[in-house]
Protein chains: 2
Amino acid sequence: MPQPVRSSSKKDRRQESETLILAAAEKVFSEAGFGGATMQLIADVAGLPKANLHYYFPTKEALYRQVVQNIFQIWLQAADIFDAADGPAEGLGAYIDAKMEISRRHPEGSKVWATEVMHGAPVIQDYLETTLLDWTDGRAKVIERWIEEGRMDPIDPRHLLYMLWATTQHYADFGHQIETLNGGKSLSNAQWEAAKTSVKQIILRGIGALD
Amino acid sequence: MPQPVRSSSKKDRRQESETLILAAAEKVFSEAGFGGATMQLIADVAGLPKANLHYYFPTKEALYRQVVQNIFQIWLQAADIFDAADGPAEGLGAYIDAKMEISRRHPEGSKVWATEVMHGAPVIQDYLETTLLDWTDGRAKVIERWIEEGRMDPIDPRHLLYMLWATTQHYADFGHQIETLNGGKSLSNAQWEAAKTSVKQIILRGIGALD
DNA sequence: GCTGATCTTGACCATACGGTCAGGATAATC
DNA sequence: GATTATCCTGACCGTATGGTCAAGATCAGC
């Protein structure tokens, strides 16, 4: 029995435990959904007794809420690339790359987010109505400017954004299906590159940003 | 209190009850996931006592399995249009229309399917490995032929299919998010048409099938 | 209207779950 | 090394859930 390593100072311990629990929770929630996940299983994955979870997070819902909020932050962060861009080919291309990378490195988070939204966003509805709405309006304006400047075809910005989200997140949310259709093997580096290239080519060409 | 109508003959009764239960189950599963759904709630939605559900479906899992299988049938059915087509613009355009229509009319089914796959397809893994794999291979061949005939750009057929699925199903799976970003109102007829048009335009143009 | 098969259901059961708590361990501060 | 605040955890509890069952209702066929 190896002793659990506790190399942290007093100050960090709370955060360290919370991070450990949140990682375990994200994994379990993504695999079983909120209803299917159990605090006992999360505790087992984290390697802690169940009661310890309730010390840091009073309820299952509080833990879940924190998981979803963390995911939302990553989600928004990918937009920074969008803003810094000069035109649609560069900006949207970089955004697609960033979101594909998130789907690859952080698929659990994407799944939790997807499940939450599919079930009517009971926990993060307020985020959708405020932060996400503002974010979307802002990007839509950028896209509209690109259209006015003649740098891409006149496309409804909303539907373009939905398409970007749908396509990139599909590689995380439906990763299991893709893997099965890939002979049971997860995508290789080359296949991930091909995916990114295909998505970028179709969308950027489809909106007339590559001519 | 209105009397429950029982206009059926003996022969139909079983099927009628099963259909009623399956409809309720699809709704509840789509809103709460497998783990979050309860047999009691499904029974309430169906307007039947819980014990009656267990007469027709021995376990919650058997009921769920039947729901998912029914959805899978609808999923595959949309492919008929694909086959009858002459070229990519016609075939893929009709396929997009068909899948968008399913997303609009049958969003619950899409959500159940998505959740099932996201959780690793514990119930329908065999379908993925057999029926879906065959289906995908078949369509990929059709797309490859179109490419050889010079009727569209050389795109990896798999990634194109993933994009079609992702984009069209997004309008069902993330319908709540779209609705919220639409000011809390569900998409109007005109907006649905705009969605279909945008998706078709971007994809068909993006693969070089519209020039 | 009797019979047998199918259907219906209220009451019940075992289990598993989220959450609580009291008491003990740990470690920083003086 | 005494004090104090924080952290840890085994044992426990009330509840809700999936599932069972036996007794009754319904109805086609005769």
Side-chain angles (χ1 to χ4, degrees), chain A residues 1-29 31-68 119 122-123, chain B residues 1-22 24-29 31-68 112 119 122-123:
Chain A
M1 279 285 187
Q3 281 285 34
V5 179
R6 273 295 184 193
S7 59
S8 52
S9 71
K10 166 193 164 191
K11 194 180 139 204
D12 303 321
R13 277 180 68 182
R14 179 163 208 107
Q15 193 179 7
E16 215 171 280
S17 290
E18 286 182 356
T19 304
L20 179 69
I21 293 168
L22 284 168
E26 182 177 298
K27 189 173 180 183
V28 173
F29 282 134
E31 284 169 3
F34 179 81
T38 69
M39 294 297 275
Q40 185 60 62
L41 184 54
I42 295 171
D44 291 348
V45 170
L48 297 173
K50 192 184 64 157
N52 199 228
L53 266 63
H54 281 100
Y55 176 74
Y56 289 103
F57 299 92
T59 66
K60 184 184 178 186
E61 203 177 308
L63 175 56
Y64 176 75
R65 180 186 294 268
Q66 192 59 57
V67 168
V68 175
H119 294 357
V123 170
Chain B
M1 282 284 185
Q3 281 285 36
V5 179
R6 271 297 184 191
S7 59
S8 52
S9 69
K10 165 193 163 190
K11 195 179 135 202
D12 303 321
R13 278 181 66 184
R14 177 163 209 109
Q15 193 178 8
E16 215 170 278
S17 291
E18 286 182 356
T19 304
L20 178 68
I21 294 168
L22 284 168
E26 182 177 298
K27 190 174 180 182
V28 173
F29 281 133
E31 285 169 2
F34 179 81
T38 69
M39 294 296 274
Q40 186 60 62
L41 183 55
I42 295 171
D44 290 348
V45 170
L48 297 172
K50 190 185 64 156
N52 204 353
L53 265 64
H54 281 100
Y55 176 74
Y56 288 103
F57 299 93
T59 66
K60 184 183 178 185
E61 202 178 309
L63 175 56
Y64 175 75
R65 180 186 293 268
Q66 191 60 55
V67 168
V68 175
V112 174
H119 293 359
V123 170

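Letters A, B, ... are given to chains in the order of the sequence lines, protein chains preceding strands, and every chain is numbered from 1. Just so it is clear, the values below take in all heavy atoms, side chains as well, and ignore hydrogens, waters and symmetry mates.
- A sub-4.0 Å separation between OP1 or OP2 of C/dT8 and a side-chain N or O of B/Y55 is absent.
- Side chains of A/F57 and A/L22 form a contact here, defined as non-hydrogen atoms less than 4.5 Å apart.
- A/I21 places its CD1 atom 11 Å from the P atom of D/dC7, with the value rounded to the nearest Å.
- Out of D/dT6, D/dG10, C/dT9, the shortest distance to the side chain of A/P49 is found at D/dG10.
- Taking the side chain of A/A51 as heavy atoms from C-beta on, and the options D/dC7, C/dT8, C/dC21, the nearest nucleotide is C/dC21.
- One atom, CZ of A/R14, and another, P of C/dT26, lie 19 Å apart when rounded to the nearest Å.
- Within 6.0 Å of NZ in A/K27 there are 12 or fewer heavy atoms belonging to other residues, nucleotides or ligands.
- A heavy-atom distance below 4.5 Å is found between the side chains of B/Y64 and B/V112.
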N/O-N/O pairs, protein side and nucleotides 16-18 of chain C side, under 3.5 Å:
residue: C/dG18; atom: OP1; partner: A/A37; partner atom: O; Å: 3.2
residue: C/dG18; atom: OP1; partner: A/K60; partner atom: NZ; Å: 3.1
residue: C/dG18; atom: OP2; partner: A/M39; partner atom: N; Å: 2.9
residue: C/dG18; atom: N7; partner: A/K50; partner atom: NZ; Å: 3.0

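- Atom CD1 of B/I42 and atom C1' of D/dG19 are 14 Å apart (whole Å).
- Going from atom CG of B/N52 over to atom C1' of C/dA11 covers 16 Å, rounded to whole Å.
- The distance from the CZ atom of B/R65 to the NZ atom of B/K60 is 14.5 Å, given to the nearest 0.5 Å.
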Can you give me every donor-acceptor pair (side chain of residues 33-50 of chain B, partner residue at least two apart or in another chain, under 3.5 Å) with its distance?
residue: B/T38; atom: OG1; partner: B/L41; partner atom: N; Å: 3.0
residue: B/Q40; atom: NE2; partner: B/D44; partner atom: OD1; Å: 3.2

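- Separating the CD atom of A/E16 from the C1' atom of D/dC7 is a distance of 13 Å, rounded to the nearest angstrom.
- Atom CG of B/D44 is separated from atom C1' of C/dT9 by 14 Å (rounded to the nearest Å).
- A/H54 and A/P58 make their closest contact through CD2-O, 3.1 Å (heavy atoms, listed as atom of the first residue, atom of the second, distance).
- As rounded to whole Å, 13 Å separates atom P of C/dG10 from atom CG of B/L53.
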